[in-house]
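Heavy-atom basis, side chains included; hydrogens, waters and symmetry copies ignored. Atoms within a ligand are numbered from 1 in the order they appear, just like the ligands themselves.
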Amino acid sequence: MILASSSDFSYKSKLHQQDNLLETIFNRITLPTFVLDQNHTIVFWNHALEQLTSHNKNNMIGTQNQWMAFYASKRPTLADLIIEGGKDDAVSHFYKNKYRKSPLIEDAFEAEDFFPDIGGKGEWLSFTAASIKDENGNVIGAIETLLNISVTKQSQIALKESEERYKQLSITDNLTGLYNKRHFTERLMTELERAHRYDQHFSLCLIDLDNFKQMNDNYGHLFGDQILAEFGCIIKKNLRNSDTAYRYGGEEFVIILPGSLLDGSRVVANRIRVDLVEKIFLCDDDQNPITLTASFGITVSSSEDSKIEELIRRADKALYLAKKTGKNKVESLVTSVLSAGSP
Ligand SMILES: Nc1nc2c(ncn2[C@@H]2O[C@H](COP(=O)(O)OP(=O)(O)OP(=O)(O)O)[C@@H](O)[C@H]2O)c(=O)[nH]1
């Protein structure tokens, strides 16, 4: 084994004498470990690493094929980067957002990554690479130790996924797949704060299906549910990515349209209105085509709005007007500041 610079013969021979002892020690360590010399040649490859990577030490020691045990194509391992000087930008290039300086060992890095080619289904590994220096402080090699953290990582991922799922369920209306009223309140507060901070406006559009009670009475509650779900799809289909739609209550819906003023949100509301008018619903018990309309009340946020209730009240008044003056229409109401200004 050569671990010292060629000029440092005495140091090299000292290490040679200790080879057997070092090899025994490495092989008794349960942590997968390998050591490279300054030429990136493998000098130690312990049993634990053989088991982790299925690469036998006899095929690895004396080669520079350490990458083969971890990656599908040739590239430096963390230990190689340490030998190259352990430059932050080089480490970052290969382990972006997955590494940090070791808090325990000077000039060492630790990283965490998923290795799809290890084992049958890939493994998560946490690994640390540190330089090995001679008496004069010259780097003469590097040691990398690895730890299989797949079990911990998978349970962390599963926990995160179930938290995500739970969060999604807690803000979703299960009949329509739209967001629910609780989420609406939170989002509306955020939107109002943002509008004030950046001196922007957004629109709020309340929607109420017309004569929905008759639908339930004539065709049953289950059919009513089907209509609500399909109307949810019509709303979603007509929104931009930045718009969000919510089921506000029974047959009431609401949309927040960030960055939209009255003209823009009227266009969206009318598109939804017409799509609904043109939609033919069929009930299993009665093959007559069934149609339905909705009324819309829009308002635009203003610098005068200090509470979300003020916006909701205005949109509700506009909706009431739409209902009172014939239904199947879009009405709007804005504050005096806005009606005097641009929107
Ligand atoms: N199927 C179904 N019906 C619902 C649900 N939530 C509320 N409703 C019904 O929606 C109907 C609303 O009726 P009303 O408030 O009288 O309003 P409307 O008949 O739509 O009349 P206008 O709003 O004046 O056009 C009631 O019959 C509620 O039972 C639901 O989740 N599923």
When distances are taken from atom 25 (O) of ligand 1, the protein heavy atom at minimum range is Asn211 N, 2.7 Å
* Asked: What do you reckon, is CZ of Arg197 surrounded by more than 12 foreign heavy atoms closer than 6.0 Å?
  -> yes
*Parallel under 30°, tilted from 30 to 60°, perpendicular over 60°: which one fits the rings of Trp45 and Phe34?*
tilted
The atoms of ligand 1 lying under 4.0 Å from a heavy atom of Leu209, numbered in the order shown, are 20 (O), 23 (O), 25 (O)
Quiz item: Given Ser295 and Ile207, is the side chain to side chain contact (heavy atoms under 4.5 Å, CB included) satisfied, shown in steps?
Solution: CA-CA 6 Å; Ser295 299; Ile207 310 169; over 6 Å; no
Heavy atoms of other groups near Glu163 CD, more than 12 under 6.0 Å
yes
Counting heavy atoms under 4.0 Å, the part of Arg247 that contacts ligand 1 is side chain
One finds that the ligand 1 atoms under 4.0 Å from a non-hydrogen atom of Asp210 are 20 (O), 25 (O)
I'd like to know whether NZ of Lys317 has more than 12 heavy-atom contacts from other residues, nucleotides or ligands below 6.0 angstrom. no
heavy-atom search around atom 29 (O) of ligand 1 in the protein gives Asn216 ND2, 3.8 Å
protein heavy-atom neighbour closest to atom 7 (C) of ligand 1 works out as Gly250 CA, 3.4 Å
of all protein heavy atoms, closest to atom 32 (N) of ligand 1 is Asp225 OD1, 2.6 Å
Honestly, for Asp208 the part within reach of ligand 1 (heavy atoms, under 4.0 Å) is side chain
Closest to atom 22 (P) of ligand 1 among protein heavy atoms sits Lys323 NZ, 3.4 Å
When distances are taken from atom 13 (O) of ligand 1, the protein heavy atom at minimum range is Lys213 CB, 3.7 Å
The atoms of ligand 1 lying under 4.0 Å from a heavy atom of Gly224, numbered in the order shown, are 1 (N)
Under 3.5 Å donor-acceptor, Asn238 side chain and Ile235 backbone | no
Of all protein heavy atoms, the one nearest atom 10 (O) of ligand 1 is Phe212 CD2, 3.3 Å
Exactly one of Phe127, Phe109, Phe94 clears ring-ring contact (aromatic ring centres under 6.0 Å, His included) with Tyr99, and that residue is Phe109
Among non-hydrogen protein atoms, atom 12 (C) of ligand 1 lies closest to Glu251 OE2, 3.3 Å
Ligand 1 atoms nearer than 4.0 angstrom to some heavy atom of Lys327 are 22 (P), 24 (O), 25 (O)
Practice prompt. Answer yes or no: are there more than 12 heavy-atom neighbours, outside Tyr71 itself, under 6.0 Å from its atom OH?
Written response: yes
Exactly one of Phe253, Tyr248, Tyr179 clears ring-ring contact (aromatic ring centres under 6.0 Å, His included) with Phe184, and that residue is Tyr248
